[in-house]
Amino acid sequence: MVRTRIAPSPTGKDLHIGNLYTALINWAFAKKNKGKFIVRIEDTDRQRLVLGAEQQILKTLKDFGLEPDEDPEKGGPFSPYRQSERLNLYQKYAHQLVEKGFAYYCTCSKERLEKLRKEQQEKKQIPRYDGHCRNLNLSRVDLEKKKIPYVVRLKVPKDKKITVYDLIRGEIVFNSNDIDDQILLKSDGFPTYHLAVVIDDHLMQISHVIRAEEWLSSTPKHVLLYQAFNWPLPVFCHLPILRNPDRSKLSKRKNPVWASWYLKEGFLPEAVLNYLALMGWSHPKQKEIFDLKEFINVFDLKDIQVVGPAFDPVKLEWLNGEWIRKTEDSKLKEKILKYYKNYQNKKLDPKLVEKIIPLVKERMKKLSDFWFYCQFFFEEPKVDANLIKNAPYLKDIYRSLSTIKDWTTQNIGQSMQELAKKLGIKTGDFFMTLRIAICGKKISPPLNESMEILGKEKCLERVKRIMKD
RNA sequence: GCUCUCAUCGUCUAGCGGCCUAGGACAUCACCUUCUCAAGGUGGGGACAGGGGUUCGAAUCCCCUUGAGAGCACCA
C-alpha cells in the first residue's frame with residue numbers, strides 16, 4: 001500500500017508554494033498507486049508557531065483540490081496527526097534509544113554550545129557538537145531527580161558509511177564522521193524534526209518519503225534512526241527546490257510564496273498545479289496543458305529532474321490564460337462570481353457576467369482581469385475629458401444611435417460605420433472616441449457587442465454626458 | 001570552509017552513443033488579421049559551461065576545471 005505524506009509546520013502565514021509543489025507530487029503519486037495521501041502537522045517548534053496557520057494550510061490544500069485522505073481535522077487510523085499531541089510517543093522512543101545505546105543524555109547549556117560554535121567558527125572549523133556528554137552515561141533518573149535540564153542526542157557511530165537510496169538520485173554515500181550528534185529530544189520535552197519524522201513516518205506506515213531536497217543531507221541521520229529502531233526504510237525521494245529568478249531558493253523577498261496569494265491574484269488552481277507539474281518534469285508527449293487526471297496517469301516519480309527550476313510567473317500567467325479559455329462559459333461564470341465574492345467582496349450580477357464572458361474570455365489571463373476589462377458594465381465610468389476633446393461629432397453619434405430601432409450588435413456597427421464614413425473620420429479614431437465615451441478607457445472588449453449588452457438607454461446616456469462636459 | 005547534489009536557448013524542458021546542421025513551450029522580434037486590447041496565424045534570433053579522454057561515432061559514458069544549489073541549530 002502506497003502511503004505518502006506532507007508534513008508542513010505551521011510557522012508561516014499559509015502553505016508555501018514549494019510545499020504545494022511537494023503536496024502535488026505526493027498526492028499524485030498516492031492517487032496513481034491507489035494509495036493514501038496524508039497531512040501531518042509538524043508543530044514541535046513552539047517558538048515559531050503561528051496561530052491559525054494550520055487551518056490555513058489545510059484550507060489552501062482543499063482550495064487547490066489536493067484533498068488529504070487523513071489529516072488532523074478529519075483524523076484517520078493513525079490519529080493524532082498533530083505532533084504536539086504525540087509527545088509521549090517521542091519521549092518513549094527517545095529514552096528507548098538511550099537504553100539501547102544509540103543515543104545519550106546531554107546537559108550542555110545553550111550558552112556553552114553557542115560559545116563552542118563561535119570558537120569553532122573562528123578557527124574555521126565546522127560548527128558541531130564536541131561530544132562533551134557523549135561518554136558520561138548520564139542517568140535519566142538522576143537528572144530528573146536533580147531537576148537538571150537535558151536533551152537526548154543521537155550517538156552517531158564513527159567511521160561508518162551510511163548509504164541513502166534516493167529514488168531519483170540513486171545511491172548516495174555519507175561518512176558518519178561528517179554527521180553531528182543531532183539533538184533528538186529538546187529540553188522542553190519536544191522532539192526535533194529528525195526524531196519525530198522517523199517515528200511518525202514509521203508509525204503511520206508511510207511507504208514513500210517524498211520531500212524537498214533540503215532534507216537530503218539530514219537523511220543519513222534518519223537512516224541511522226531507522227536502523228537503531230530496527231525499522232524498515234521507506235523509499236526516499238527528494239524533490240528539487242523551486243528557485244527565484246536569480247536561482248536562489250524561492251523566498252518571499254523575491255517572489256510571492258504563499259499558495260493562497262495566487263488564488264487571490266486570480267489564478268486558477270488547475271493552472272497553478274499544471275504549472276507546478278511542469279517544474280522538473282515534462283509530459284511524455286511534450287504537452288504543456290493537462291489536468292490532474294492526466295498528470296496522475298502519465299507521470300512517473302523517477303522522471304522528475306533534480307535541478308531546481310526557476311519559478312517563472314510569466315509562463316504561469318500564460319498557462320492561466322490558456323486554462324481560462326479552456327473553461328466552459330458556464331463554469332467560468334461560476335469561477336468569476338466566486339472569485340469576486342470571496343476575494344474582492346463584490347457581488348456581480350450573474351446574468352450580466354454570463355453575457356459578457358464571450359467578449360472577454362480570450363482577453364483574460366487572470367480572473368482579476370475581468371474587472372479591468374468590464375468594470376464599465378457595472379459602474380459608470382469616469383471619463384478623462386482630455387481623451388476626447390477633439391471630438392465634436394459626439395452629437396452626431398448620439399443622433400445616429402437614437403435612431404436605431406433594433407438595438408443589436410450588427411445594427412450598431414453598421415450605423416456607426418456609416419456615420420464615420422459620412423463624416424469622413426478615420427474609423428480607428430472614430431471608434432476610439434466612442435469607446436472612451438462608453439467604456440471610459442482606451443482598452444475594452446469589442447465595442448459593438450459591449451454596447452448591445454449595455455443597452456441603448458445607457459449608451460445614449462454616456463454619450464450625452466460627455467457632450468455636456 | 002566542510003559534506004552532498006547538479007550543469008542543454010533568457011526561462012521551463014525533449015534528448016538516455018548514430019534519427020541532432022539539437023526539438024517543443026514561455027518570453028522576445030517581424031509580419032498577417034484588426035475599431036482598442038487580446039486571442040489566432042506565419043516566420044526570425046537564441047543553448048549542449050570549458051578542457052581532456054573512451055569510441056568508427058558523444059549533448060548523451062569517464063576524469064579534471066569552472067559554475068550553481070542545498071545542508072552543516074534545543075528550526076522545520
Side-chain angles (χ1 to χ4, degrees), chain A residues 7-12 42-45 47-48 106 108-110 113-114 117 121 123-129 149-153 164 166 169 172-175 177-180 182-194 196-197 212-220 238 240-241 243 245 247-249 275 278-289 305-319 321-322 325 359-365 369 372-373 413 416-417 420 426-436 439 441-448:
Chain A
S9 54
T11 52
E42 312 228 318
D43 55 349
T44 55
D45 183 348
Q47 313 273 342
R48 295 196 305 157
C106 169
C108 293
S109 66
K110 285 184 189 175
L113 294 174
E114 207 156 293
R117 200 171 309 140
Q121 273 167 352
K123 288 184 202 159
K124 293 200 171 172
Q125 290 172 332
I126 317 147
R128 55 185 300 178
Y129 185 58
Y150 65 86
V151 301
V152 174
R153 279 186 188 271
V164 173
D166 182 274
R169 268 163 264 253
I172 303 163
V173 182
F174 294 86
N175 186 327
N177 297 344
D178 295 327
I179 299 166
D180 204 1
Q182 180 64 233
I183 289 177
L184 302 174
L185 197 68
K186 305 183 236 181
S187 56
D188 62 0
F190 278 68
T192 59
Y193 171 84
H194 305 92
V197 80
E213 194 195 335
E214 53 197 338
W215 297 110
L216 188 57
S217 348
S218 44
T219 307
H238 292 90
I241 296 171
R243 317 254 191 106
R247 307 238 128 245
S248 59
K249 186 169 157 181
Y275 178 71
L278 253 12
M279 299 271 86
W281 181 84
S282 72
H283 188 106
K285 286 182 182 158
Q286 295 287 100
K287 277 172 77 172
E288 303 277 335
I289 300 154
Q305 295 293 320
V306 294
V307 248
F311 190 92
D312 178 7
V314 178
K315 186 157 184 180
L316 207 209
E317 278 207 3
W318 164 77
L319 201 53
E322 291 291 318
R325 266 167 265 145
L359 307 191
V360 289
K361 197 174 176 180
E362 65 199 20
R363 280 159 238 269
M364 290 167 62
K365 283 204 161 84
D369 291 338
F372 170 81
Y373 283 111
M416 289 299 97
Q417 208 81 44
K426 281 207 302 199
T427 47
D429 296 342
F430 179 86
F431 279 99
M432 186 50 85
T433 302
L434 183 57
R435 183 185 321 281
I436 289 162
C439 311
K441 55 206 268 189
K442 286 176 154 179
I443 296 168
S444 83
L447 231 203
N448 300 328

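Residue numbers begin at 1 in each chain, while the letters A, B, ... track the order of the sequences.
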**OP:** Would you give a per-nucleotide map of nucleotides 20-35 of chain B, 5' to 3', where B means the base has a protein non-hydrogen atom under 4.0 Å away, S means only the sugar-phosphate does, and - means neither?
**Re:** ---BBBSS-------B
Original post:
Among B/G40, B/A76, B/U13, which is the nearest nucleotide to the side chain of A/S282?
Top reply: B/U13
**OP:** Mind calculating the distance between CG (A/L216) and P (B/C2) to the nearest angstrom?
**Re:** 19 Å
Subject >> Any donor-acceptor N/O pair under 3.5 Å between B/C72 base and A/R128 side chain >> reply: no
Subject >> Between B/U11 and B/A49 - P atom distance, rounded Å >> reply: 12 Å
Subject >> A/L113 side-chain proximity, nearest of B/C75, B/G69, B/C74 >> reply: B/C74
**OP:** Check whether any side-chain nitrogen or oxygen of A/T44 sits under 4.0 Å from OP1 or OP2 of B/A76, and answer yes or no.
**Re:** yes
Original post:
Nearest of B/C6, B/C74, B/A76 to any side-chain atom of A/S187?
Top reply: B/C74
Original post:
Between A/K441 and B/C37, does any side-chain N or O lie under 4.0 Å from OP1 or OP2?
Top reply: no
Subject >> side-chain contact (heavy atoms from CB on, under 4.5 Å) partners of A/K110, counting only residues at least two apart >> reply: none
Original post:
Say you pick atom C1' in B/G46 and the same atom in B/C12; how far apart are they, in whole Å?
Top reply: 15 Å
Original post:
What is the nucleic acid contact for A/G280, judged by heavy atoms within less than 4.0 Å: base, sugar-phosphate only, or nothing?
Top reply: sugar-phosphate
Original post:
Distance between the C1' atoms of B/C4 and B/A25, in whole angstroms?
Top reply: 32 Å
Subject >> Out of B/A38, B/G1, B/U11, whichever nucleotide has its closest atom nearest the side chain of A/R363 >> reply: B/A38
Original post:
Considering only the P atoms, how many Å lie between B/C64 and B/A7, rounded to the nearest integer?
Top reply: 15 Å
Original post:
Considering only the C1' atoms, how many Å lie between B/C63 and B/C20, rounded to the nearest integer?
Top reply: 25 Å
**OP:** Answer with base, sugar-phosphate or nothing: what part of the nucleic acid does A/V307 contact at a heavy-atom distance below 4.0 Å?
**Re:** sugar-phosphate
Subject >> Selection from B/C12, B/C74, B/U5 that lies nearest to any side-chain heavy atom of A/E213 >> reply: B/U5
Original post:
A/I126 near the nucleic acid: base, sugar-phosphate alone, or nothing, with a heavy-atom cut-off under 4.0 Å?
Top reply: base
**OP:** Can you tell me, in whole Å, how much space there is between the C1' of B/G45 and that of B/U55?
**Re:** 35 Å
**OP:** Look at all strands and tell whether A/F174 reaches a base, only sugar-phosphate, or nothing, counting heavy atoms closer than 4.0 Å.
**Re:** sugar-phosphate
Original post:
Phosphate oxygens OP1/OP2 of B/A73: is one of them under 4.0 Å from a side-chain N or O of A/R48?
Top reply: no
Subject >> Euclidean distance for C1', B/A58 against B/U21 (whole angstrom) >> reply: 16 Å
Filtered N/O pairs between nucleotides 43-50 of chain B and protein, under 3.5 Å:
none

Original post:
When you compare B/U66 with B/C56, how far apart are their P atoms, in angstrom units rounded to a whole number?
Top reply: 32 Å
Original post:
Does B/G40 have OP1 or OP2 sitting under 4.0 Å from an N or O in the side chain of A/R325?
Top reply: yes
**OP:** Assess whether one donor atom and one acceptor atom, taken from the side chain of A/S217 and the base of B/C4, lie less than 3.5 Å apart.
**Re:** no
